[in-house]
Each structure stands twice: as C-alpha cells, then as structure tokens.
K.L.:
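Pasting a structure below so you can have a look.
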Amino acid sequence: MARHLITSAIPYINGIKHLGNLIGSQLPADLYARYLRARGHEVLFLCATDEHGTPAELAASKAGKPVAEYCAEMHTVQADIAKGFRLSFDHFGRSSSPQNHVLTQHFAGVLYDRGLIREVSETQMYSPTDGRYLPDRYIEGTCPNCGFDSARGDQCDNCTKQLDPVDLINPHSTISGATDLEMRETKHLYLCQSKMKDQIAAWIDTKADWPILTTSIARKWLTDGDGLQDRGITRDLDWGVAVKRGTEDWPGMEGKVFYVWFDAPIEYIACAQEWVDAGNGTDWQRWWRTDSGAADVRYTQFMGKDNVPFHTLSFPVTILGSEEPWKLADYIKSFNYLNYEGGQFSTSRGRGVFMDQALEILPPDYWRWWLLSHAPESSDAEFTWENFQSSVNKDLADVLGNFASRVTKFCRSKFGEAVPAGGIMGAREDQLIADLGARLADYQSQMDTIEVRKAAAALRALWVLGNEYLQEVAPWTTIKTDPEQAAMQTRLGLNLIRLYAVLSSPFIPDASAQLLADLNADDAAWPDDIAAALNALPAGHAFTVPEVTFRKITDDERAAWQERFSGQR
RNA sequence: GGCGCGGUAGCUCAGUUGGUUAGAGCGAUCGACUCAUAAUCGAUAGGUCGGGAGUUCAAGUCUCCCCCACGCCA
C-alpha cells in the first residue's frame, strides 16, 4: 500500500464549467483517485475553486453582489455540481481561504529572503471612473497601426499588432466605457523565475515518463527566446491575498494583492490544511512536508494544457525556491482540449454542454464513461452527439447493462432469484478465467500509468468476455439437457456481474453501486484472484433483478439536444 | 512569422527502441443464437499510414522540404 496525493487544477470561480473543463482535469483525477482507493492505497484527493482576480470582481459586480458573497455562492454551486458528477474530492477548498492567505504570504516572504522576488516600477492605466487599474485586455481604442476601432490594449484583433495600452488612440475602459484614463506609476513584485531556470530544466529532464504534452510545453517555455522569464505576481486589486512578507507588511505594496497564478497553486497545500481544519483529516504535513512523512508520497497533478506552464515552471519555482521541504509533483498528467461539434466550446455564446446542463439530461455515469473513454490525451478530441449516443448505447447499455440484464432475467425465469447450485467448472471456464486475468492485468497496467482511454478500452474488453462466454456456452440451450451445467454457467454469469461492478467503479460509480446492491453483494474488494472472485456469490445467495442499468439515448433525444446546445438560441 | 501537438480504414483512435501479410471499437455486409435493453456472438469487406524526396537490407516509425488542422507565443 502506497500513499497518493492527487490534485486537480482548480477551476475558476467565475461561472459553471463545460464538459471540456471537466475532462481536462477533475474527471480523470477522480478516476485515478477512485482506482487507487479501490486498490487499497491511501489517497488524498484535493481540488478547490480559484477565486481571485479581476474576472471574479467583474462577475460579482455584474451580479450586483459583494465579491466575497458572490464567490461563496459560486463555490457552493460548483461543489454541488462536482458532487453531481461524483467527483470524490477529500476536500473541495477555496483559494480565498484564510489558510491560503497565510501560506501565500509565507511563500512570498521566504522567496523574498532568498532573493527570488524583486520590486519593479511600471506604469499602468488607471480608470478613476471604475476606481481600478485596468488590465490591458480591458482597455480598447483605435489601433494606431491599422485604424481598427476596437483594438485591445494588448493586441489589435484586426492587424494582430502587439500593442501597449498607451499606444491606443481614444482609449476607453471596456468595463464602464470611461475615457478619462490616466497612466499611473505603480510598483509590482516579480518572481525571479529566470534565476531558477537551470534548476527547473534539470528537474524536467529527469521526467522521461511524463506525457509528451507536459514536457514539451515546459521545455518550450524554458528555452524560448532568452529562456524562462520573470513574472509579475502582484496586482492592484482589492480582492485577493494582501501582499505581505510572511506576517510583516511590505513597504510600498499597500493596497495590492498577489496575482492569481501565484496564490492558486499554493492553494493545493492550503487545501490540505482546510481539510484538516474542517475536521476531515488529522495531519496535512505528512502529505506535503517531506520532513514530516511526505517523502514516500507519490504526488500526481492533473490539468488541461493551458495550465501546464504554471505547474511545471511557476509553482516549482515557488516550491524549490523556498528551499523548504515541500512536496514536489512526481507526475504531471495533462490533457488537450475537447471540442464541440466541429468547433470550440464557448461560454459566452452558450455553445456546448455545461456541467449543470449535462446532469439535467442524463445521470453522471453516462457522461463519465463517454468523456473518459474519449479523453483528449494524445491530441484535441471532439464531442459529437452522434458519437456520444452510439458510444453510450453500445458500451453501457448493450455490452454491460444488457449483460447484467440477460443473466439475471434468465436466472429468475429458470432458477428463481437466488444463485443456483450445482455443476462443476470445466475447461471453458478455466479459459474464461485466464482471459479475464490477462485483461485485468492490462486494465490495471493502463490505470497505473493513467492511460485513460486505453484503460476504458481494457475495461470494455472485460465486459465483452462475459458476453462471449455466455454466447458460447448458451445456458438457455444447456438447460434442456443438463440443468446442473446450466446452473453452473448461470452462477458464473451472476458472479461476473459482481466482478464487473467492482472493476468498473472508478468509471461508473453509480451503476457499480447499484449493481452491487441488486446482487446483495457486500464484498466489493478489488480482486487479486479471479477464480476466487467468481465464487463470491455462493449458491443460494438471493439477489434482485436490476432495473435497466443504462437506458438508451433515442434519436429524437439526440436531435433535440443537438439543437438545444448549439448556441443559437 | 516562430514554436508546439497532430494529420493512420466511412467515424473515433492504437501503433513500443525502424523488422514478417498496418491493428481495435463503432458503422457496413453476411451468418449464428433467441437468455437479454430489436440486445449478444462469429465472419467478411474497407487504408498507396497528408504529399514529395532521402537514409537503410528494411520506414506509419528516422532526416529534409511542402500542404492541412488546432494551439501557444511574438
């Protein structure tokens, strides 16, 4: 038994995420966490909401609420949706937690002491009307290069010229439309990532087993141009972690907060503290401090590719730069994007399926199965309703659900609702057990290496073995000449359902639990001996015939959903 | 413009350090079965592995050029 720390990239507080966000991080992380727990490992699975920054402030003001209140509400909304998808976080924290404030300030102080934070004076656009400094992308004006009248402060969307907000003609705030913008001199803190680039590069070089996507993105940032650049870690905002050196005030930095990308990953650690403070754990240090037992923890991070730079570079700079014994990631699993029906998911245009909507139309297992079995691992993947319908109907309803149905209903009609006695296993059964063992080894190997799609395929192959066996031995025929033999075959079939329920639980936890309940099976332990596992339900054991485990998606439903989520409305 | 990930059967994708007739699932066709959610099982068809050149006894798998898609950066 090993100890596994697992974190999923923390979703931004601003609004409900779509299915692409789900499969990009939280869902595969949950799959891995459930699998490792099922294998008997000790797991701490953490996630949180990322709550600071300008978008949160703007969303709150749009909703007419104080930002703290808005974030608290949205946190609850996201937590409920996560429960709806059966994401098995040990704690779902908040980057705005007091624990994270203290820890973020601590890291800043330590990094400053190590000479890894420097102060930089720069000018920035201030809007008296909005009462805030404006990030470049919230300023628009006329492009000095091409005359386009909606050029953004960072870049002109028309001629693609890189811009500075001061270059814009007639600049205005996109928040209020205010034109009385002025340049103000302001001081900010920069994290000296460049000083750490060799150390980070050396660390990445040791990770030959990481996904190519992860290492290639990291290497690109390490070697592009002059190499890893220093980055600003403060902003002129109200909502966030106040800039301090540990517990000391930071002269000249009054009224400023740390930028989200600095405090967000630190929340992974703070989240473990929240977990303890919430009364769900007793010792967070043994997961995070290598001097307190975390040295033998394996830490795996999950994220979409847009988050890779923060996890391979910035956060490691924070951890390593502190020279304190914090746990560093052992494995970083990253995902590409999920597209929707030939384009991208679009939050603003309502294009694609969002997590709350998905749960309105189908139970979580349907989504979990499709998303995981089509996870965008090697390249971007695409969601289409047609593919979703055919995959779910075939894999879940036909191959697995119908297997449970045909076995239990046959048993009920011929032997009654209890596991039948009699008969002896022969060569065909030995063969089945050998095949199951080989497939199980494959499945476990894919899960161990977090090859999500391949794991799904291996699991499906296990389900197929049951149908093959049943079709071949045909108890509905055997029973006419040799009822004892048919009883043995049926008993084996019933036990296969239990085995499948156990093995499938990381992917489809609800269906798994329901099948186990219908079978009155109290043994849900991961099998280490297939033959023994197929005797878990003994002769005479009573069961209930399951309701339809997975219903099929009809053509009409598919068409209606396709229309509903097209973003046209 | 630079860089990155890809471009393999109608669709979604596997193809390890280059090595026998390029694989899987779905879909299609044919057959078997009839316990089951018009489910299942078997068989068959289908690919000049984006295009071109090169290295090699041998290339989907390495090198170069080009084309396409997506993304990141400038």
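Quantities reported herein were computed from a predicted structural model and do not represent experimental measurements.
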K.L.:
Between A/His188 and A/Tyr133, is the ring centre distance below 6.0 Å?
P.N.:
no
K.L.:
Once you round it to whole Å, what is the distance between P of B/G6 and CZ of A/Phe335?
P.N.:
15 Å
K.L.:
Do A/Arg460 and A/Asp395 sit within salt-bridge range, that is, some charged N less than 4.0 Å from a carboxylate O?
P.N.:
yes
K.L.:
Which nucleotide, if any, forms a Watson-Crick or G-U wobble pair with B/A24, using both distances under 3.5 Å?
P.N.:
B/U12
K.L.:
Taking salt bridge (charged side-chain N to carboxylate O under 4.0 Å, His left out) as the definition, give me every residue that meets it alongside A/Glu360, ordered by chain and number, with sequence neighbours left out.
P.N.:
A/Arg564
K.L.:
Just the table, please: protein N/O against nucleotides 70-72 of chain B N/O, every pair under 3.5 Å.
P.N.:
unit_1 : atom_1 : unit_2   : atom_2 : d
B/C70  : O2'    : A/Asp380 : OD2    : 2.9
B/G71  : OP1    : A/Gln344 : NE2    : 2.4

K.L.:
Residues in salt bridge (charged side-chain N to carboxylate O under 4.0 Å, His left out) with A/Glu557, at least two apart?
P.N.:
A/Arg551
K.L.:
Using a cut-off of 4.0 Å between protein heavy atoms and nucleotide atoms, how would you tag nucleotides 26-38 of chain B 5' to 3' with B, S and -?
P.N.:
S-----BSSBBB-
K.L.:
Give one of base, sugar-phosphate or nothing for A/Ala461, where a contact means two heavy atoms less than 4.0 Å apart.
P.N.:
nothing
K.L.:
Give every pair of a protein N or O atom and an N or O atom of nucleotides 7-11 of chain B that lie under 3.5 Å apart, one pair per line with the distance.
P.N.:
none

K.L.:
Searching all strands shown, indicate the nucleotide that pairs with B/U37 (Watson-Crick or G-U wobble; both distances under 3.5 Å).
P.N.:
none
K.L.:
If you take any heavy atom closer than 4.0 Å to RNA chain B, which residues from residues 501-521 of chain A end up in contact?
P.N.:
none
K.L.:
At their closest point, which heavy atom of A/Leu537 faces which heavy atom of A/Leu494, and how far apart are they?
P.N.:
CD1-O, 3.9 Å
K.L.:
Which residues satisfy the ring-ring contact (aromatic ring centres under 6.0 Å, His included) test with A/His541, sequence neighbours excluded?
P.N.:
none
K.L.:
Under 3.5 Å between N/O atoms: give me all the protein pairs with nucleotides 14-17 of chain B, atom names plus distance.
P.N.:
unit_1 : atom_1 : unit_2   : atom_2 : d
B/A14  : OP1    : A/Ser378 : OG     : 2.0
B/G15  : OP1    : A/Lys454 : NZ     : 2.8

K.L.:
Just list the side-chain donor-acceptor pairs under 3.5 Å for residues 464-473 of chain A, sequence neighbours left out, or say none.
P.N.:
unit_1   : atom_1 : unit_2   : atom_2 : d
A/Asn467 : OD1    : A/Arg406 : NH1    : 2.9
A/Asn467 : ND2    : A/Val399 : O      : 3.0
A/Tyr469 : OH     : A/Glu429 : OE2    : 2.5
A/Gln471 : OE1    : A/Arg406 : NH2    : 3.0
A/Glu472 : OE1    : A/Arg428 : NE     : 3.4
A/Glu472 : OE1    : A/Arg428 : NH2    : 3.3
A/Glu472 : OE2    : A/Arg428 : NE     : 3.1

K.L.:
Going by the rule salt bridge (charged side-chain N to carboxylate O under 4.0 Å, His left out), which residues pair with A/Arg231 if we only count those two or more places apart in sequence or in a different chain?
P.N.:
none
K.L.:
Do the ring centers of A/Tyr340 and A/Phe383 come within less than 6.0 Å of each other?
P.N.:
yes
K.L.:
When the ring planes of A/Tyr366 and A/Phe550 are compared, do they come out parallel, tilted or perpendicular, using 30° and 60° as the limits?
P.N.:
perpendicular
K.L.:
Within the side chain of A/Tyr443, is there an N or O that forms a donor-acceptor pair under 3.5 Å with the backbone of A/Ala456?
P.N.:
no
K.L.:
Only counting residues at least two apart or in another chain, list the ones meeting salt bridge (charged side-chain N to carboxylate O under 4.0 Å, His left out) with A/Lys195.
P.N.:
none
K.L.:
Side chain to side chain donor-acceptor pair (under 3.5 Å) with A/Tyr35: which residues, sequence neighbours excluded?
P.N.:
A/Arg39, A/Asp448
K.L.:
In this structure, how many angstroms lie between the P atom of B/C73 and the CG atom of A/Leu313, rounded?
P.N.:
14 Å
K.L.:
Any ion pair linking A/Arg86 and A/Asp30 (charged N to carboxylate O, less than 4.0 Å)?
P.N.:
no
K.L.:
Identify the nucleotide, in any strand shown, that forms a Watson-Crick or G-U wobble pair with B/G6, with both distances under 3.5 Å; if there is none, say none.
P.N.:
B/C68
K.L.:
If the C1' atom of B/C33 is compared with that of B/A59, how far apart are they to the nearest Å?
P.N.:
45 Å
K.L.:
Kindly check if the number of other-residue, nucleotide or ligand heavy atoms within 6.0 Å of CZ (A/Arg34) is above 12?
P.N.:
yes
